[in-house]
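Only one structure is covered here, and it is reproduced in the block below.
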There are 2 protein chains.
Amino acid sequence: MELDDRKVKILKAIIKNYLETGEPVGSRTISKYVDLKLSPATIRNEMADLEELGYIVQPHTSAGRIPTDKGYRFYVDDMMATKEAELVVKENELTDREKELDSMKEFLNEKVDRVEELLQNVAKVLAKDTNYATMVTTPQVKGNRLKFVQLSQLEPNKILAVIVMEGNLIRNKVITISDELSQENLLKLNILLNTTLTGLTLQEMNLGLVAKMENQAGEYTKIIKEVLDAIVETISSADNLKIYTSGATNIFKYPELSDSSKASELIYTLEEKQSLTDFVMEDEEQHGNHGIQVYIGNETPVEAMKDCSVVTATYELQDGMKGTIGIIGPKRMDYEKVVEKLKTIQTQLDDVFKKT
Amino acid sequence: MELDDRKVKILKAIIKNYLETGEPVGSRTISKYVDLKLSPATIRNEMADLEELGYIVQPHTSAGRIPTDKGYRFYVDDMMATKEAELVVKENELTDREKELDSMKEFLNEKVDRVEELLQNVAKVLAKDTNYATMVTTPQVKGNRLKFVQLSQLEPNKILAVIVMEGNLIRNKVITISDELSQENLLKLNILLNTTLTGLTLQEMNLGLVAKMENQAGEYTKIIKEVLDAIVETISSADNLKIYTSGATNIFKYPELSDSSKASELIYTLEEKQSLTDFVMEDEEQHGNHGIQVYIGNETPVEAMKDCSVVTATYELQDGMKGTIGIIGPKRMDYEKVVEKLKTIQTQLDDVFKKT
DNA sequence: GTTAGCACTCATTCTTTTAGAGTGCTAATA
DNA sequence: TATTAGCACTCTAAAAGAATGAGTGCTAAC
């Protein structure tokens, strides 16, 4: 059997209606809902076919149909394709979107200083806006270059290292050293570090270089080593990835997710963040079209989210630093709106970061 | 009517049993539970009295009794009084506690570098340990002194200010300036700032001083102003108070809190943090005995927590920087254990911070 | 190929029944 | 006089039963 034109129309109608109501949809509903002028009985036949094809199921014998993951997948793929086509046409219709964009930009600009605060705000706003849960990662430094290091004396045996990367990513690290260090030597160390390391990526700080530096440092080999370790630890991406979540409690708005055990598991996942990290890692490998990716139900790599859908977008700073924004909602989320929002934010962030 | 000795015994037994089971407790249960050798009938009479006195209620006519807030309050007050007395006696029985303390200290020491990470861990461990939700605030700088400021050029019109307070509290702030600044002038500014401000509290950086500085800065008045604003903003306590929460999903372990709407509200409060801030602010005024404070039900200043109890403890760093640790659970939480744990952590943190 | 009609299924809701826990009161007991 | 045994009574929670209605699948007619 084939998915002919009429079946597609009916399938889309079923899914659309289900997205709106969250209730299984019956043949009568569809016969009114769609412009095909068909009787419920005919729709029923088509529905039986669609069920056989695996796009929809009945929760129980005497209920209407709801989409399967395969059904959602079809719907989303179709939507993404249409969107692409539309975009080419609608170039001039951008005013609405631009307005929204501007109002958001204003908000975002308030706090550009602190990337992290900004991202936290993105998560918050997006959650409030969509009524889903959100996550935003800090940008991943991959091949990002060191701008400078600044060592300062904190206490006799403690040094504060301020590490600044391209893109103004700043990290502090307190290093406890075994031997004391004079002010003068600290200065020397500072210069040595900066002349040697400035402009390098983590990958380029290889063994030879380190050996050379340790050589030059003379009696301070040990300290250099500690400082270098700190730098590596600090800028190595694993340790660097922070995830901000927001709107976890939005899931209570969707009955299919809000029973105690599911909600608990899901919120725990959002709070605990470890599995989100895994998710983001895997996600990175995927991203193709527009950097927007949709995971439906079991497609997510995280067990706790198998009743959810997740839509992710990558954003990019200058210097190729990439981060991920994700929206977590029920499978019947408003994919269209979500994708739209994500695209807006994407443009938005690109703008903010590129301009600054 | 008076609370005679026997009534107290029975009341305590009721509450203790209720803490364990979470079920209304009946006369038969108590007649076995307590060593009074009284028949259920007698207990019933006493219970009727206790109800009249407002310490317990029946959820419905044919159920056992559960404690009222007043009942809990009595229980907790009594417990705290007893604990105090015990402490004097048990000086030598500390080994057990000390062991626990040591194992925790080891863990805590791993990451002393980053106070914030440490505190986040405290929240996490405590939540896992107690099965309640927890919150931990960053220490409040009150009359804390500036150790030094370090300005570095980030980009032509951007300066990175690293602000270090006594107790090694570090803050970064990116300042966007309107006019460019030469390397040399940056150095001058650095020196000016440090000679003038080092060792001062926020309160001491008053108007006269600022005026004087601005005077000395000559044409850089504007920049000085911006830097100062940044410093003030950065170390002023309102902006500084961060709250880490953990174990929010633990509340699902207690049926009386885990129905959808209550859970949602509570978790939202924990995620959103604004009302927690208010809580902590109010809490600060209270703290008397041992810095441990118990809020039962409506005693909490936060509406969303009126079905919970909250136990808070203050911890103290050197230099009088104080923070708060809170445990949020159902009213029938194990107060004894919670207080014990908090005291351990208190000692613990004191230790870690004083030694470093 | 489409549709009207009808018997059938099954979740949901409401009602009824039952079981059991626990009480309050009264009268007997020590 | 304080305690206790006994019993009728209350009320919840769980189980069982009945009614409702949405929606289906199938058959036969159009």
Side-chain angles (χ1 to χ4, degrees), chain A residues 1-11 13-15 17-18 20-68 71 255-256 259-260, chain B residues 1-11 13-15 17-18 20-68 71 255-256 258-259:
Chain A
M1 199 182 339
E2 270 300 293
L3 246 198
D4 63 37
D5 219 49
R6 196 169 74 176
K7 284 190 174 53
V8 169
K9 249 184 187 155
I10 293 174
L11 177 56
I14 292 171
I15 297 179
N17 189 281
Y18 184 68
E20 283 164 13
T21 64
E23 298 289 317
V25 346
S27 52
R28 243 180 86 77
T29 314
I30 291 301
S31 92
K32 286 183 231 155
Y33 196 89
V34 95
D35 60 342
L36 286 170
K37 298 282 175 216
L38 292 174
S39 76
T42 315
I43 304 280
R44 275 205 289 284
N45 289 328
E46 293 290 53
M47 280 170 133
D49 289 353
L50 284 169
E51 178 153 12
E52 203 178 322
L53 287 166
Y55 292 103
I56 51 181
V57 280
Q58 295 178 278
H60 57 265
T61 342
S62 72
R65 306 302 212 286
I66 62 175
T68 59
E256 66 267 45
D259 82 276
S260 218
Chain B
M1 200 186 334
E2 270 301 293
L3 246 199
D4 63 37
D5 217 48
R6 196 169 74 175
K7 283 191 176 49
V8 169
K9 249 185 187 155
I10 292 174
L11 176 56
I14 292 172
I15 297 179
N17 189 282
Y18 184 68
E20 283 165 13
T21 65
E23 298 289 316
V25 347
S27 54
R28 243 180 86 78
T29 314
I30 292 302
S31 92
K32 286 183 233 157
Y33 197 89
V34 94
D35 59 341
L36 287 168
K37 297 280 174 217
L38 292 173
S39 76
T42 315
I43 304 282
R44 276 206 287 286
N45 290 329
E46 294 290 54
M47 280 170 132
D49 290 353
L50 284 170
E51 178 153 11
E52 202 179 322
L53 287 166
Y55 290 103
I56 52 180
V57 280
Q58 295 178 277
H60 56 265
T61 342
S62 72
R65 306 303 213 285
I66 62 175
T68 59
E256 65 266 47
S258 65
D259 81 277

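Just so we're clear, the structure is a prediction, and the values are computed from it rather than from any experiment. In what follows, every chain begins at residue 1, and chains take the letters A, B, ... in the order their sequences are listed.
Contact between A/Ile14 and A/Ile56 at its shortest, heavy atoms only, is CD1-CD1, 3.9 Å. Heavy-atom minimum distance, B/Pro59 versus B/Gly64: CD-O, 3.3 Å. Here the closest non-hydrogen pair linking A/Tyr18 and A/Pro24 is CE1-N, 4.0 Å.
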Look for any protein N or O under 3.5 Å of an N or O in nucleotides 5-8 of chain C and output each such pair with its distance, or none.
| from | atom 1 | to | atom 2 | distance (Å) |
| --- | --- | --- | --- | --- |
| C/dG5 | O6 | A/Arg44 | NH2 | 3.3 |

Using a cut-off of under 3.5 Å, enumerate the N/O to N/O pairs linking the protein to nucleotides 10-14 of chain C.
| from | atom 1 | to | atom 2 | distance (Å) |
| --- | --- | --- | --- | --- |
| C/dC10 | OP1 | A/Thr61 | OG1 | 3.2 |
| C/dC10 | O2 | A/Ser62 | OG | 3.2 |

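Considering only residues two or more places apart in sequence or on other chains, B/Asp5 meets the side-chain contact (heavy atoms from CB on, under 4.5 Å) condition with none of them. Among residues two or more places apart in sequence or in another chain, the side-chain contact (heavy atoms from CB on, under 4.5 Å) test is passed with A/Asp35 by A/Lys9. In this structure, the salt bridge (charged side-chain N to carboxylate O under 4.0 Å, His left out) partners of B/Arg6, at least two apart in sequence or on a different chain, are B/Glu46. The salt bridge (charged side-chain N to carboxylate O under 4.0 Å, His left out) test applied to A/Asp4 returns A/Lys7, not counting sequence neighbours. Evaluation of the salt bridge (charged side-chain N to carboxylate O under 4.0 Å, His left out) rule for B/Glu20 yields no partner, not counting sequence neighbours. Among residues two or more places apart in sequence or in another chain, the ring pair (Phe, Tyr, Trp, His ring centres under 6.0 Å) test is passed with A/Tyr55 by A/Phe74.
Contacts with DNA chain C (heavy atom under 4.0 Å) in residues 20-28 of chain B: B/Gly26, B/Ser27, listed by number. The stretch residues 29-38 of chain B has no heavy atom under 4.0 angstrom from DNA chain C at all.
Taking atom CD of residue A/Glu46 and atom P of nucleotide D/dC26, one finds them 15 Å apart after rounding to whole Å. Rounded to an integer number of Å, the gap from A/Arg65 CZ to D/dG23 C1' is 9 Å. Taking atom CE of residue A/Met47 and atom C1' of nucleotide D/dA22, one finds them 13 Å apart after rounding to whole Å. Rounded to an integer number of Å, the gap from CD1 of B/Ile14 to C1' of C/dT23 is 14 Å. Separating the CD atom of B/Gln58 from the P atom of C/dA21 is a distance of 16 Å, rounded to the nearest angstrom. In this structure, the CD1 atom of A/Ile43 is 16 Å from the P atom of C/dG1, given to the nearest Å. One interatomic measurement links the two molecules: CG of B/Asp5 to C1' of D/dA2, which rounds to 17 Å at whole-angstrom precision. When the P atom of C/dC25 is taken as reference, atom CG of B/Asp49 falls 12 Å away, rounded to whole Å.
Contact between the side-chain N/O atoms of B/Thr42 and the OP1/OP2 oxygens of D/dT3 is not found at any separation under 4.0 Å.
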Donor-acceptor contacts, no H, no angles, side chain residues 36-44 of chain B, under 3.5 Å, sequence neighbours left out:
| from | atom 1 | to | atom 2 | distance (Å) |
| --- | --- | --- | --- | --- |
| B/Ser39 | OG | B/Ala41 | N | 3.4 |
| B/Ser39 | OG | B/Thr42 | N | 3.4 |
| B/Ser39 | OG | B/Thr42 | OG1 | 3.2 |
| B/Arg44 | NH1 | B/Ser27 | OG | 3.2 |

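For the atom pair CG (B/Leu11) and CG (B/Leu53), the distance works out to 9.5 Å, reported to the nearest 0.5 Å.
The stretch residues 57-68 of chain A participates, sequence neighbours left out, in these side chain to side chain donor-acceptor pair (under 3.5 Å) pairs: A/Glu51-A/Arg65.
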Q | Worked verdict on B/Ile66 versus B/Ile15 for side-chain contact (heavy atoms from CB on, under 4.5 Å) | A | CA-CA 7 Å; B/Ile66 62 175; B/Ile15 297 179; over 6 Å; no

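A distance-only check finds a donor-acceptor pair linking the side chain of B/Thr21 to the backbone of B/Asn17 [under 3.5 Å].
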